[in-house]
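As the structure is a computational prediction, the values presented were derived from the model and not from experiment.
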Amino acid sequence: MRDFLELRVIINKLDPLGLIRGGAPDNEHDNVTQKLIRCLYNYKLENVRDLLIDCYDEYGFNGRSIQEEYKDSFNKKIEGIYNLVEDWYLNKYKER
């Protein structure tokens, strides 16, 4: 449960579509967090970027079809969240 809650904080920083910032509950993106934790528990860190991009599909937006004017900021956001996930993952498995 601790891992889930720690990853929830990271996914809520991604906050696809700004739902948390708009007042949605902290569990709004738990479906994405569940997919992320499953991916990491299966040692599939290499799939995390795709998961972060594709999670926008769940909200009715294609993360692969971002308008050109928003691509840089979108990619920076994905990369920043990926780095947080990677740090979490590497620190977790370093402890073992």
Check this for me, if you would: do [X] and [Y] make a salt bridge, where the nitrogen-to-carboxylate-oxygen distance has to be below 4.0 angstrom?
X: D26; Y: R8; result: no
X: E58; Y: K35; result: yes
X: D54; Y: R49; result: no
X: E79; Y: K76; result: no

Approximate separation, where rounding is to 0.5 Å, of E46 CD and C39 SG:
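E46 atom CD to C39 atom SG measures 7.0 Å (nearest 0.5 Å).
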Please report the interatomic distance OH(Y41) to NZ(K92), rounded to the nearest 0.5 Å.
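Going from the OH atom of Y41 to the NZ atom of K92 covers 5.0 Å.
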Should [X] and [Y] count as side-chain neighbours, where that means a heavy-atom distance under 4.5 Å?
X: V9; Y: E6; answer: no
X: L36; Y: I10; answer: no
X: F61; Y: L17; answer: yes
X: I66; Y: N75; answer: no

Which atom of [X] lies closest to which atom of [Y], heavy atoms considered:
X: G63; Y: D57; value: N-OD1, 3.7 Å
X: Y82; Y: V48; value: CD1-CG1, 3.7 Å
X: E28; Y: Y59; value: O-OH, 4.1 Å
X: L14; Y: I81; value: N-CD1, 3.6 Å

Backbone N/O of R64 and side chain of N62: donor-acceptor pair under 3.5 Å:
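Yes, because the side chain of N62 sits within donor-acceptor range (under 3.5 Å) of the backbone of R64.
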Residues N42, N47; criterion side-chain contact (heavy atoms from CB on, under 4.5 Å); working and verdict
CA-CA 10 Å; N42 287 323; N47 295 342; over 6 Å; no
Cluster overlap F4 with I20, hydrophobic side-chain contacts below 4.5 Å
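No; tracing contacts between hydrophobic side chains, which count when under 4.5 Å, never links both residues.
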Stepwise, does the side-chain contact (heavy atoms from CB on, under 4.5 Å) test hold for W88 with D3?
CA-CA 9 Å; W88 179 90; D3 291 346; 3.6 Å; yes
Could you walk me through whether E86 and Y89 pass the side-chain contact (heavy atoms from CB on, under 4.5 Å) test, one step at a time?
CA-CA 5 Å; E86 181 183 47; Y89 180 80; 5.6 Å; no
Please report the C-alpha distance between N27 and T33 in whole Å, then the side-chain angles of each, then the deciding distance to 0.1 Å, and finally whether the side-chain contact (heavy atoms from CB on, under 4.5 Å) criterion is met.
CA-CA 9 Å; N27 67 353; T33 305; over 6 Å; no
Residues H29 and N12: side-chain donor-acceptor under 3.5 angstrom:
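No, because no side-chain N or O of H29 sits under 3.5 Å from a partner of the opposite role on N12.
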